[in-house]
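To start, the structure under review is shown below, and the notes come after it.
When a residue number appears, it is its place in the shown sequence, counting from 1.
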Amino acid sequence: VQLQASGGGLVQPGGSLRLSCAASGSISSINGMGWFRQAPGKEREFVAVISGRSAYNVGYYADSVKGRFTISKNNAVNTVYLQMNSLKPEDTAVYYCGFSTKGGNYYSRSPTYYDYWGPGTQVTVSS
């Protein structure tokens with residue numbers, strides 16, 4: 001199973017980007033689908049999470065992105081999205097998607113819950 005993320009790039013403050021992350025290969029039930037980010041010199045931090053088992057696009061967010069970012073998914077194609085609006089320079093980071101097939105809390109904010117990771121996509125917010 002491989003995850004492939006796309007949609008990163010350079011955007012001006014206040015702009016928008018949409019990230020996508022699709023799983024290829026055979027994968028059992030996806031329970032958690034999350035986005036994390038890592039800025040230079042910092043640890044990987046939680047951004048948003050959605051349950052892969054729910055029929056609804058109900059997501060949970062880090063306080064720093066709440067109201068600006070929206071996570072959604074398409075279970076039919078094992079894909080999770082992150083719509084990022086009103087981007088700020090402090091959103092600059094490498095963004096990683098993670099999928100989990102583990103039980104427990106499908107909305108976990110801990111990176112250790114996720115057993116599949118994408119390679120990361122760079123998001124740079126700068127004028």
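To the nearest 0.5 Å, the span separating CG on Asn78 from CD1 on Ile30 amounts to 4.0 Å. Here Ile50 contributes atom CD1 and Ser72 contributes atom OG; the two are 6.5 Å apart, rounded to the nearest 0.5 Å. Going from atom CE of Met33 over to atom OH of Tyr81 covers 9.0 Å, rounded to the nearest 0.5 Å. Atom OG of Ser24 sits about 7.5 Å away from atom CG of Leu3, to the nearest 0.5 Å. The OG atom of Ser20 sits 15.0 Å away from the NZ atom of Lys73 when rounded to the nearest 0.5 Å. A distance of 6.0 Å separates CZ of Phe69 from CG of Leu82, quoted to the nearest 0.5 Å.
With sequence neighbours left out, the salt bridge (charged side-chain N to carboxylate O under 4.0 Å, His left out) criterion links Lys102 to no other residue. With sequence neighbours excluded, the residues that form a side-chain hydrogen bond (donor to acceptor under 3.5 Å, both in side chains) with Asn31 are Arg53.
Counting only heavy atoms from C-beta outward, the side chains of Thr92 and Gln122 approach each other to under 4.5 Å. Contact of the Pro89 side chain with the Pro13 side chain is registered, since non-hydrogen atoms from C-beta on lie closer than 4.5 Å.
Proximity of a side-chain donor or acceptor of Asp91 to a complementary backbone N or O of Val123 within less than 3.5 Å is not detected. Within the 3.5 Å criterion, the main-chain N or O of Val77 finds a donor-acceptor partner in the side chain of Thr79. Judged purely by atom type and a 3.5 angstrom limit, Ser54 has no side-chain atom pairing as donor or acceptor with the backbone of Ser51.
The hydrophobic clustering, which links ILVMFWY residues whose side-chain heavy atoms are closer than 4.5 Å, places Tyr95 and Val125 together. By the criterion of side-chain heavy atoms lying less than 4.5 angstrom apart, applied directly or through intervening Ile, Leu, Val, Met, Phe, Trp or Tyr residues, Tyr116 is grouped together with Ile71 in one hydrophobic cluster. Residues Leu87 and Val47 share a hydrophobic cluster, clusters being chains of Ile/Leu/Val/Met/Phe/Trp/Tyr side chains in contact below 4.5 Å. Hydrophobic cluster membership differs between Val49 and Leu19, with clusters built from Ile, Leu, Val, Met, Phe, Trp and Tyr side chains linked at under 4.5 angstrom. Residue Val58 is grouped with residue Tyr113 when hydrophobic side chains (ILVMFWY) are merged at heavy-atom distances under 4.5 angstrom, including chains of intermediate members.
Shortest non-hydrogen contact noted between Phe99 and Ala23 is CE2-CB, 3.6 Å. The shortest non-hydrogen separation linking Cys97 to Ala5 is SG-CB, 4.2 Å. Contact record, Ser108 with Ser110: OG-N, 3.2 Å, taken as the closest heavy-atom pair.
The six-membered or imidazole ring of Trp117 lies near that of Phe36, with a centre-to-centre distance under 6.0 Å. Taking the six-membered ring for Trp and the full ring otherwise, Tyr61 and Phe46 have centroids separated by 6.0 Å or more.
A donor and an acceptor atom, one from each side chain of Ser16 and Asn85, are located under 3.5 Å apart.
Within a 6.0 Å radius of CD in Glu43, other residues, nucleotides and ligands contribute 12 heavy atoms or fewer. No more than 12 heavy atoms of other residues, nucleotides or ligands lie within 6.0 Å of CD in Gln2, so this atom counts as exposed by the packing criterion.
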### Residues Thr124, Ser126; criterion side chain to side chain donor-acceptor pair (under 3.5 Å); working and verdict
CA-CA 6 Å; Thr124 302; Ser126 176; over 6 Å; no
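Tyr107 and Tyr60 have perpendicular rings, their planes meeting at more than 60° on a 0 to 90° scale where under 30° would count as parallel.
At least one test fails for Arg37 against the ring of Tyr96: distance under 6.0 Å to the centre or angle within 45° of the axis.
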